[in-house]
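Below: the structure, in structure tokens.
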Amino acid sequence: MGRYRMEDFEVDVSEDLGPLLFVKLRKTHLLLKDAWFCNHITVWVFQQSMEEKEVVFPCYRWVQGDGIICLPEATAWMMRNEVQGLFQKHGEEELEERRTLYRWATWKEGLPLSVAAASEKDLPLDVRFHEGKKIDFEGTLAAGMMDIALKRLYTLLSSWNSLEDFDQIFWGSKSALAKRVRQSWKEDDFFGYQFLNGVNPTLLRRSTSLPTRLVIPPELEGLQAQLERKLQEGCLFEADFSLLDGIQANVIQGERQHLAAPLVMLKMEPDGKLLPMAIQLQPPCSGSPDPPLFLPSDPSLTWLLAKAWVRNSDFQLHELQAHLLKTHLVAEVFAVATMRCLPGMHPIFKLLIPHLRYTLEINTRARTKLISDGGIFDQVVNTGGGGHLDVLRKATACLTYRSLCPPDDLADRGLLGIPSALYAHDALRLWDIISRYVQGTVHLYYSEDEVVQSDPEVQAWCQEITEIGLCGAQERGFPVSFQSRAELCHFVTMCIFTCTAQHSGINQGQLDWYAWVPNAPCTMRKPPPTTKDVTLEMVMATLPNVHQACLQMTIAWHLGRFQPDMVPLGHHKEEYFSGPGYKAVLKRFQEDLNTLEREIVARNEGLDLPYYYLQPSRIENSITI
Ligand SMILES: CCCCC/C=C\C\C=C/C=C/C=C/[C@@H]1O[C@H]1CCCC(=O)O
Ligand SMILES: [Fe+2]
């Protein structure tokens with residue numbers, strides 16, 4: 001067979017073979033590296049009495065060496081308790097092999113477990129980047145590094161003492177929104193907007209009381225009254241970065257960096273704009289003077305620096321908590337548990353596997369190049385040098401099941417029913433569409449709750465995720481078993497939402513919001529201001545230097561850009577299921593996504609700032625970057 005080619009082979013068999021259960025596939029071992037990728041084997045059965053019948057044996061794996069691959073027929077799971085338990089036995093043997101190939105490892109204490117692999121080269125071939133992806137990933141990274149060298153050269157002799165000097169490195173292709181960020185980043189409504197629809201829409205919550213950490217000095221009693229009035233009106237919001245409190249800051253090239261743990265109070269205006277009212281950069285500390293409150297009425301550079309500190313803090317929680325932990329690392333736990341607990345014929349394996357494509361490789365690359373000793377975080381991020389691991393540990397310790405399910409998370413954060421909360425609106429619509437797709441598929445295989453309760457593989461899968469992969473997460477609301485189809489569907493919907501919509505909503509924005517470095521500084525080189533006397537020199541001495549800014553732009557572009565071999569949500573080509581039932585459910589899923597696509601495109605036409613990260617055609621079918 002040649003590349004990407006189908007070949008037909010006709011075999012006449014005299015005796016009646018009865019129902020076809022398995023097909024065995026063997027490739028002779030000729031050259032050194034001659035692995036072939038088999039999509040599926042389809043057998044057309046012609047019998048005198050009956051019209052021809054198509055019997056499909058899904059594969060979607062590499063066939064290496066001269067081993068024999070035994071493929072069960074696509075509907076095998078429905079007959080798992082029949083045919084002398086042949087399928088059951090096959091599944092057990094398959095899992096025995098998968099458990100040696102995919103093993104849990106503790107990369108760092110206090111984080112979710114990961115796949116055991118020192119580098120991507122140690123991963124099984126079936127989960128590696130295909131050639132095109134590998135070439136693109138490594139090629140664009142190299143090009144990005146060249147970019148940095150050129151920018152460093154270019155700025156060597158020039159000044160770096162005004163905010164406009166960041167323009168010197170702001171060349172190359174930039175998205176329309178990235179250019180808008182450069183133009184509007186100093187504006188308060190633009191600052192507030194990002195908490196709703198920016199790169200990190202996961203932190204904002206509606207206030208239910210004035211935060212205890214918010215100490216208001218007597219001379220600001222007017223502010224106190226304003227905050228209380230907004231609280232009563234139900235339009236007071238807060239963004240609390242307390243997770244960063246006590247985190248050790250990085251040392252970069254011998255220079256101590258600095259961190260803050262801000263609290264931002266904001267008010268929702270009748271026109272939907274979210275405006276900052278006050279910023280406290282550090283929580284009060286007993287024995288020290290109360291931390292100052294920075295206000296929009298402060299001198300402009302003072303207020304700008306206070307907002308920049310919030311943006312730097314948001315960079316940390318976005319990349320570590322919202323992006324790395326709550327999409328990449330959580331998806332990795334789903335992937336490892338799925339490979340270890342669900343045989344290929346299991347319906348939940350078939351439903352999930354397209355949404356786990358490439359995730360083990362991109363995460364292994366993150367552990368060796370991004371958050372590793374000497375990695376990107378150590379090089380240019382102020383939580384690097386070990387603080388980033390403590391942020392991940394603290395975030396893992398408070399990772400709840402509800403926070404991964406938008407209907408619960410948005411309700412808990414008081415973000416339902418806000419017209420200008422576009423991420424919230426689109427996330428809920430996607431959750432409902434994915435939920436219908438999951439229910440439609442699950443109900444084809446689980447006719448009632450008892451079938452779920454008595455499925456040992458899916459119960460083991462749930463337990464392995466919660467108790468092992470997420471390290472005892474039952475204390476944070478994760479299930480250790482499924483008592484009903486509804487519980488199973490809710491959990492699987494969360495898995496698919498996390499691996500697709502949520503990651504796209506969190507990842508894509510890096511391209512737009514992290515290109516203009518002053519809007520999302522990767523590090524801060526001076527301590528947070530404790531008085532209102534701020535000069536431009538202080539601001540420029542605090543924001544990232546040229547090298548740090550260039551590296552941030554390159555990595556943010558590398559991670560945020562469109563992937564060339566991107567598979568849009570719901571448009572995977574692999575056909576793990578067979579029969580009309582699933583095909584109808586998938587078709588409805590794709591129709592629902594098209595409807596949402598049209599809704600979002602139409603809504604965006606009328607917006608000054610369009611929100612497109614959850615546009616279905618832009619959502620990748622798995623976490624690959
Ligand atoms: C300074 C910008 C850093 C922003 C990224 C921070 C966290 C991103 C979260 C998950 C990203 C996973 C991507 C992993 C990619 O393999 C890593 C690329 C590192 C660059 C390199 O290979 O040298
Ligand atoms: Fe990502």
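Not measured: the values here are computed from a predicted model. Start at 1 and go down the list; that is how both ligands and their atoms are numbered. The first residue of the sequence shown is numbered 1, and numbering continues consecutively from there.
Separation of the Tyr611 and His425 ring centroids does not fall under the 6.0 Å cut-off. In this structure, the ring of Trp513 has its center less than 6.0 angstrom from the ring center of Phe190. Outside the 6.0 Å centre-distance limit, the rings of His572 and Tyr60 are not counted as a close aromatic pair. Taking the six-membered ring for Trp, Trp303 and Phe294 have ring centres at least 6.0 Å apart. Checked against a 6.0 Å centroid threshold, the rings of His558 and Phe137 count as neighbours.
Among protein heavy atoms, atom 19 (C) of ligand 1 sits closest to Lys369 CB, 3.9 Å. At the shortest separation from atom 14 (C) of ligand 1 among protein heavy atoms lies Ala366 CB, 3.5 Å. The protein atom (non-hydrogen) at minimum distance from atom 12 (C) of ligand 1 is His328 CE1, 3.6 Å.
Taking only non-hydrogen atoms, the option from Ile625, Leu329, Ile555, Thr359 nearest to atom 2 (C) of ligand 1 is Ile555. Ranked by closest heavy atom to atom 20 (C) of ligand 1, the top entry among Leu141, Thr364, Thr368 is Leu141. Taking each of His558, Glu319, Gln510, Gln552 in turn, the one with a heavy atom nearest to atom 7 (C) of ligand 1 proves to be Glu319.
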Practice problem: I would like to know whether Lys179 and Asp512 meet salt bridge (charged side-chain N to carboxylate O under 4.0 Å, His left out); could you show each step before the answer? | Solution: CA-CA 8 Å; Lys179 292 175 190 155; Asp512 297 326; over 6 Å; no
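Below the 2.8 Å limit, the Fe ion (ligand 2) has as protein N, O or S neighbours His323 NE2, His328 NE2, His503 NE2, Asn507 OD1, Ile625 O.
At least one donor-acceptor pair closer than 3.5 Å links the side chain of Asn197 to the backbone N or O of Tyr423. Put simply, the side chain of Gln168 gets close to the backbone of Ser159: a donor and an acceptor are under 3.5 Å apart.
With a 4.0 Å heavy-atom cut-off, ligand 1 is reached by the side chain of Leu559 but not by its N, CA, C or O. Contacts with ligand 1 closer than 4.0 Å are made by no heavy atom of Cys522, backbone or side chain. Only side-chain heavy atoms of Phe137 come within less than 4.0 Å of ligand 1; its backbone N, CA, C and O stay farther off. Here His323 has side-chain heavy atoms under 4.0 Å from ligand 1, and that is the only part of it that gets that close.
The aromatic rings of His130 and Phe37 stand perpendicular to each other, their planes meeting at an angle above 60°, with 30° marking the opposite boundary.
The only option from Asn312, Asp378, Val391, Leu389 that meets the side chain to side chain contact (heavy atoms under 4.5 Å, CB included) definition with Thr383 turns out to be Val391.
At a 4.0 Å cut-off, at least one heavy atom of Phe377 sits close enough to ligand 1 to count as contact.
Less than 4.0 angstrom separates some heavy atom of Leu324 from each of these atoms of ligand 1: 9 (C), 10 (C). Residue contact check: Leu370 has heavy atoms under 4.0 Å from atoms 6 (C), 7 (C), 8 (C), 11 (C) of ligand 1.
By the ring-ring contact (aromatic ring centres under 6.0 Å, His included) test, Tyr401 pairs with Phe478, His490, Phe491, sequence neighbours left out.
Nearest approach of Cys522 to Val380, heavy atoms of both residues: SG-O, 3.2 Å.
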